[in-house]
Amino acid sequence: MLILSRGSIRGKPVAVVIYPVLQNLINRKRKGLFYKAACDLSAAAAAASSSSTHAIRKSPSTSSSSYRPHRIWPPRHSAAPAPATMGLEMDAMAASIGVSVPVLRFLLCFAATIPTGLLWRAVPGATARHLYAGLTGAALSYLSFGATSNLLFVAPMALGYLAMLLFRRHAGLITFLGAFGFLIACHVSYMSGDAWKEGGIDATGALMVLTLKVISCAINYSDGILKEEGLRESQKKYRLTKLPSLIEYFGYCLCCGSHFAGPVYEMKDYLDWTERKGIWANPIPSPLLPTLRALVQAGICMGLYLYLSPKFPLSRFSEPLYYEWGFWHRLFYQYMSGFTARWKYYFIWSISEAAIIISGLGFTGWSESSPPKAKWDRAKNVDVLGVELAGSAVQLPAVWNIQVSTWLRYYVYERLIQKGKKPGFLQLLGTQTVSAIWHGLYPGYIIFFVQSALMINGSRVIYRWQQAVSNSVLRSILAFLNFAYTLLVLNYSCIGFQVLSFKETLASYQSVYYVGTIVPIVCLLLGNVIKPARKPKAQKAE
């Protein structure tokens, strides 16, 4: 933790840290939130430290609310710490990186999941490791969100375990409906989307991850009483024949703070990892280099986000200036807005990847290359280049929010497919609708995920045309068109995910004449008219 004591930061007097930060911010001469925040913090620091004999020159006619310091460094050292020092420490650090205090508190606790995962490796005994995983997760939740967060988590956890204990055959369905219902109620109660949009944070993000974990555990326990014949490979791999103990379940749900931002993983993998079975039965390779790679990636992503976000603020979509621009300028701004927002998610997922890798849970075996290389795929939640350079929208679920996409495929998409029938648009739409509800009942979420279903199906049409042609030049042209199509429709669609409200979403779509909605629909209609010839299939033996 950066805060070492009530009156110090990294062992220095609070004034030694706060005043340079404020002076640095003020010297930037920026108009807007940073400049105002720095001046407000400076006035607050001056008022708080006046009783501690800090020498700060202030005009007698100037009130604290409008005070602009001429010179605030160096201060005189005080014998006693100033009142409200802890609050000023957090305020100064938050202002220095441009986030709110709750977000800073979350980021500190989120970063603490990395050493927490490392220390897990030193805990002896499976039972002790289960307890350590659960208790550290609960402690980090408390420090980040407050005591009420753990009370929120108890509800879906208790529902899932009671359903498995009392109604095994229908435990999956009961937990799915109950946990999702509770999550929706929390979304509505906390209006979490508005809080996130305004730079705040609450426990509903962690509750979202926890909801998926308790549902998958209950469904896999229900699958445990089914015969293996007719089960899909994922069902055979993850089904649970034995009810996990309360300690095992507790450790799985809150494991070392992994519920903060994922990734989602299976109970069976967690048990094998904790009890050192399966691929963890033998010593695993060193996670140091993969962890460092994830941390470097996190630093780059955060740097890019902090650089780009002031240049492409989301508020621009509600300003008259945006609507004064031409079509191509507005379309470019939509692309840059989506591009900028994604780096925030890349940063968060890179930190969570580092935490899971260093704990050892991220290890997934060895590659088939020569020599074999260690794989850490369970920790991976995003492929940055895979998203930004996706050649087809069909590839996006495999490279964006990877573990949640896998969860949706195993527990929604595949279970909506009737035996003997092929999946179609309805299964995809149903999966995307569940994903939208999981995020929250905001119109922007629902519109985005409906748009994404259209986007993926339109991309499939272009891909079928691409595979049907034999001319290499024409195939390359179609491949580029699919790439450009994905780039256009993705960044157009994600505006709804960011602005959330129905009015703002439609206004932003209308500003570019609904091009990202019309193009996928045209592709789908043309796909029903221009049907490439299917390659003959070999006759199946009776």
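Worth saying up front: this structure is predicted, and the values here are computed from it rather than measured.
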Considering non-hydrogen atoms only, spot the tightest contact between [X] and [Y] and give its length.
X	Y	answer
Asn381	Ala261	ND2-O, 4.0 Å
Leu207	Cys186	CD2-SG, 3.7 Å
Ser508	Phe317	CB-CD2, 4.2 Å
Ala179	Val214	CB-CG2, 4.3 Å
Val499	Thr505	CG2-OG1, 3.4 Å
Gly262	Ser352	O-CB, 3.4 Å

How many angstroms lie between [atom1] in [X] and [atom2] in [Y], if you round to the nearest 0.5 Å?
X	Y	atom1	atom2	value
Leu389	Thr486	CG	OG1	11.5 Å
His439	Ile446	NE2	CD1	12.0 Å
Lys268	Asn220	NZ	CG	10.0 Å
Leu183	Leu210	CG	CG	9.5 Å
Leu295	Ile351	CG	CD1	5.5 Å
Ile417	Arg415	CD1	CZ	11.5 Å

Look at Arg330 together with Glu324 and state whether they make a salt bridge at an N to O cut-off of under 4.0 Å. no
Asp223 bridged to Lys237 by N-O distance under 4.0 Å: no
Please check this pair: side chain of [X] against backbone of [Y], looking for a donor-acceptor N/O pair closer than 3.5 Å.
X	Y	answer
Arg378	Phe363	yes
Gln432	Gln451	no
Gln427	Gly424	yes
Asn482	Leu478	no
Thr274	Tyr270	yes
Thr204	His187	no
Ser359	Leu118	no
Tyr333	Arg316	no
Ser459	Met455	no
Trp465	Ile530	yes

Could you tell me if [Y] and [X] have a donor-acceptor pair between their side chains, going purely by distance under 3.5 Å?
X	Y	result
Tyr346	Asp383	no
Glu504	Ser318	no
Asn491	Arg342	yes
Thr340	Ser309	no

Quick check on [X]: does its [atom1] atom have over 12 non-hydrogen neighbours (other residues, nucleotides or ligands) under 6.0 Å away?
X	atom1	answer
Gln418	CD	no
Tyr323	OH	yes
Lys277	NZ	no
Phe182	CZ	yes
His329	NE2	yes
Phe480	CZ	no
Tyr514	OH	yes
Lys380	NZ	yes

Please tell me if the side chains of [X] and [Y] come closer than 4.5 Å, counting only heavy atoms from C-beta onward.
X	Y	value
Pro520	Tyr485	yes
Thr517	Ile521	yes
Phe449	Ser452	yes
Ser392	Gln395	yes
Ser216	Tyr411	yes
Tyr238	Tyr410	yes

Evaluate Cys253 against His259 for side-chain contact (heavy atoms from CB on, under 4.5 Å), listing each step before the verdict. CA-CA 7 Å; Cys253 288; His259 61 297; over 6 Å; no
Check whether the ring centres of [X] and [Y] lie less than 6.0 Å apart, and answer yes or no.
X	Y	answer
Tyr345	Trp400	yes
Phe176	Phe180	yes
Trp273	Trp120	yes

Please report the C-alpha distance between Tyr265 and Ser258 in whole Å, then the side-chain angles of each, then the deciding distance to 0.1 Å, and finally whether the side-chain hydrogen bond (donor to acceptor under 3.5 Å, both in side chains) criterion is met. CA-CA 10 Å; Tyr265 47 83; Ser258 61; 2.9 Å; yes
Partners meeting side chain to side chain donor-acceptor pair (under 3.5 Å) with Arg276 (sequence neighbours left out): none
Where at least one partner belongs to residues 204-213, residue pairs that pass salt bridge (Lys or Arg N to Asp or Glu O under 4.0 Å), sequence neighbours excluded: none
In sequence, state the C-alpha distance, the side-chain angles, and the governing distance for Ile279 and Asp272, and then conclude on side-chain contact (heavy atoms from CB on, under 4.5 Å). CA-CA 8 Å; Ile279 60 174; Asp272 287 349; over 6 Å; no
Test of understanding: with ring pair (Phe, Tyr, Trp, His ring centres under 6.0 Å), list the residues that count as partners of Phe339, not counting sequence neighbours. Tyr335, Trp343
Stepwise side-chain contact (heavy atoms from CB on, under 4.5 Å) check, Ile356 with Thr113: CA-CA 9 Å; Ile356 295 296; Thr113 61; over 6 Å; no
Tell me whether Lys311 forms a cation-pi arrangement with Tyr307, defined as NZ or CZ under 6.0 Å from the six-membered ring centre and within 45 degrees of its axis. yes
Run the side-chain contact (heavy atoms from CB on, under 4.5 Å) test on Cys494 and Phe448 for me, step by step, so that the C-alpha distance in whole Å, both residues' side-chain angles and the decisive distance to 0.1 Å come before the verdict. CA-CA 6 Å; Cys494 73; Phe448 168 77; 4.0 Å; yes
Quick check on side chain to side chain donor-acceptor pair (under 3.5 Å): which of Tyr509, Tyr322, Tyr492 does Gln334 satisfy it with? Tyr322
The test is ring pair (Phe, Tyr, Trp, His ring centres under 6.0 Å); show your working for Phe497 and Tyr445 and say whether it passes. CA-CA 5 Å; Phe497 193 93; Tyr445 287 147; 4.9 Å; yes
